[in-house]
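These notes are about the structure you will find just below.
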Amino acid sequence: MIQSERVKTNSSLGFDETGEYVLYWMQSAQRIKNNHALELSIQLANKHNLPLLVCFIVMERYPGANRRHYEFMFEGIEVLKTELNGMGISFTVQVGDVKTLIPGFSKRASLVVFDDAITRPLKLMKEEVEQLIQKQVFSVETNVIVPIETAYPKEAYAAYAIRKALQRQAAYFAIGFESSQLKNKSIIGNVPESVHLESLFETKLSHLEALPIIKLTKGGEHEALNRLKSFVENGLEHYESVSNHPELDATSHLSAFIHFGQLSPITVYEEAMKSGQNAAGLIEQLFIRRELAYNFVHYNPNYDSELIKILPDWAIKELARHRIDERPYVYSLEILEQGKTHDSYWNAAQKEMVLTGYMHGTMRMYWGKKIIEWSKTPEEAFKNMLFLNDKYQLDGRDPNGYAGIAWCFGKHDRPFSERAIFGKVRYMNAEGLKRKYKIENYVEKVRKLEDQSWT
Ligand SMILES: Cc1cc2nc3c(=O)[nH]c(=O)nc-3n(C[C@H](O)[C@H](O)[C@H](O)COP(=O)(O)OP(=O)(O)OC[C@H]3O[C@@H](n4cnc5c(N)ncnc54)[C@H](O)[C@@H]3O)c2cc1C
């Protein structure tokens, strides 16, 4: 089911009768299941008895992306190729400039479908491409449960502001569907063959920083669905009570799949609800917190650039009042990046991220709070956190990351009791980690990963 609120179109340009196919430019929803953009493309193709061409563009210099991100994404694209072809859908993967390639493919199309663009790089690209296409374009929001502007008409102050509105709309929007069958499966001629993804690392992507990684998982829709199944069967029941323990492996590890659009949040939502287990804790993160992050990035264009324009007034005032407070330690980006501070818990968190592309959620909070404490200014802390998070996390460059980092500075939060450097912005310390968790076990877990990285 495609709710009309998900779809926007430049309706002044109608269906082009001379077109040979429907074109879907797949970029942020790299999946088949519960992909409303793919479904709309199939339905429109069926309505006009046309074949469907899906194209995916590998951008050589996507802002902030390095080899670990591309590899994870390519693993998913390889699977998609087989799956889409099995559905009678033509799929081509090209490398290069979207502003040339998409308008090129659109020349022979009757209409064009885009999927979501939330963060700045893709949003700008899509706007520019749309200007260059002389065809009707349908833009489909498929990577959120409730479309952002339908959920809430402005930037939400905190989760409480948006929670009820989201919950109220879930019954209508959190509905999965079976993909329609494409009727016209004729082969589309003169479509350039897909590039060979692996060999791109020796050619057009040879400039990318390698950043070796201990793979916790392969990328792709199959892996995502398997992981979800195993989490619902074995982890969901205890998620609410233990997911904040860094020493346990008690979270879903779905964030990278969701980030690349290999898994729909609707699929996760439905599977969790269907299981009959207590899903409240997971739904709070996956649905409320995640869509609060999307609300933030959609309505606040400064999400990754200017602290003063993203924080609530009270937090700006508190950080300013404590700007001159003496910092007990001040670390450069290099020391932080190497995980060589005096704090073994923090170093373990940094190393977990560098080695595996993942950091436990509780440690992400601690990690961010400590960078604030150990930086000369909040602005420097903000810059370094964005850099490290987006470089190493497989799920980096995501609205969740921008909201999570802003949260460390008081965004979407409330004042707490006053202390140095932070003022009334929430503070976290190592004692808290020791008191609440078996934090030494977490350090040991990361140490074993380090050993593994040498072998
Ligand atoms: C400083 C900081 C940086 C962060 N950077 C990122 C990032 O780059 N990318 C990213 O996806 N998340 C980020 N988060 C949010 C959160 O920590 C991760 O989404 C979560 O730890 C991922 O692990 P999981 O999939 O096992 O999560 P689970 O606990 O299993 O949660 C299920 C899903 O819910 C969503 N989710 C969970 N926690 C949050 C949250 N706090 N806010 C929004 N959505 C959430 C994610 O999509 C996640 O996959 C950051 C948080 C902080 C404090």
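In listed order, ligands and their atoms are each counted from 1.
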Residue and atom name of the nearest protein heavy atom (relative to [atom]), distance in Å to one decimal:
atom                    : result
atom 40 (C) of ligand 1 : Gln285 OE1, 3.7 Å
atom 28 (P) of ligand 1 : Tyr239 OH, 3.4 Å
atom 42 (N) of ligand 1 : Arg289 CB, 3.7 Å
atom 10 (C) of ligand 1 : Asn400 CB, 3.3 Å
atom 32 (C) of ligand 1 : Ser252 OG, 3.6 Å
atom 13 (C) of ligand 1 : Arg364 NH1, 3.4 Å
atom 7 (C) of ligand 1  : Asp395 OD1, 3.1 Å

Should you measure from each heavy atom of [X], which atoms of ligand 1 turn up under 4.0 Å away?
X      : answer
Ser255 : 11 (O), 22 (C), 23 (O), 25 (O), 49 (O)
Leu254 : 25 (O), 49 (O)
Arg290 : 43 (C), 44 (N), 47 (O)
Asn389 : 3 (C), 4 (C), 5 (N), 7 (C), 8 (O)
Leu282 : 32 (C)
Gly396 : 8 (O)
Leu286 : 34 (O), 35 (C)
Gly361 : 17 (O), 21 (O)

Measure across [X] and [Y] and return the closest heavy-atom pair with its distance rounded to 0.1 Å.
X      : Y      : result
Arg327 : Val330 : CB-CG2, 3.7 Å
Gln338 : Lys351 : O-CE, 4.0 Å
Arg289 : Ala159 : NH2-CB, 3.6 Å

**OP:** Indicate yes or no: does Lys274 engage Glu270 in a salt bridge with an N to O separation below 4.0 Å.
**Re:**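 Not counted as a salt bridge, because no side-chain N and carboxylate O are separated by less than 4.0 Å.
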**OP:** Please determine if Lys215 and Glu75 form a salt bridge, counting it only when a charged side-chain N lies under 4.0 Å from a carboxylate O.
**Re:**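 So Lys215 pairs with Glu75 through a salt bridge.
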Using the ring of each side chain (for Trp, its six-membered ring), is [X] parallel, tilted or perpendicular to [Y], with breaks at 30° and 60°?
X      : Y      : value
Tyr303 : Tyr402 : tilted
Phe72  : Phe260 : tilted
Trp367 : Trp346 : parallel
His245 : Tyr437 : perpendicular
Tyr331 : His342 : parallel

Please check whether [X] reaches ligand 1 - meaning an N/O of the residue sits under 3.5 Å from an N/O of the ligand, judged on distance alone.
X      : result
Thr251 : yes
Arg397 : no
Trp407 : no
Tyr358 : yes

Original post:
Given that the side chain starts at C-beta and the backbone is N, CA, C, O, which of these parts of Phe231 lies under 4.0 Å from ligand 1, counting heavy atoms, or is it both or neither?
Top reply: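 Near ligand 1, Phe231 shows nothing, with every heavy atom at 4.0 Å or more.
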**OP:** Report yes if the side chains of Met59 and Val98 come closer than 4.5 Å at any heavy-atom pair, otherwise no.
**Re:**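 Side chain of Met59 against side chain of Val98, heavy atoms only: contact under 4.5 Å found.
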Original post:
Does Val425 reach the side chain of Arg414, with side-chain heavy atoms less than 4.5 Å apart?
Top reply: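 Counting from C-beta outward, Val425 and Arg414 never come under 4.5 Å.
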**OP:** Would you please determine whether Gly401 falls within less than 4.0 Å of ligand 1 on a heavy-atom basis?
**Re:**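 It does; at least one heavy atom falls under 4.0 Å.
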Original post:
Strictly under 4.0 Å, does any heavy atom of His259 approach an atom of ligand 1?
Top reply: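 No.
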**OP:** Would you mind telling me which of Thr362, Val446, Val443 makes a side chain to side chain contact (heavy atoms under 4.5 Å, CB included) with Pro246?
**Re:**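 Between Pro246 and the candidates, side chain to side chain contact (heavy atoms under 4.5 Å, CB included) is satisfied uniquely by Thr362.
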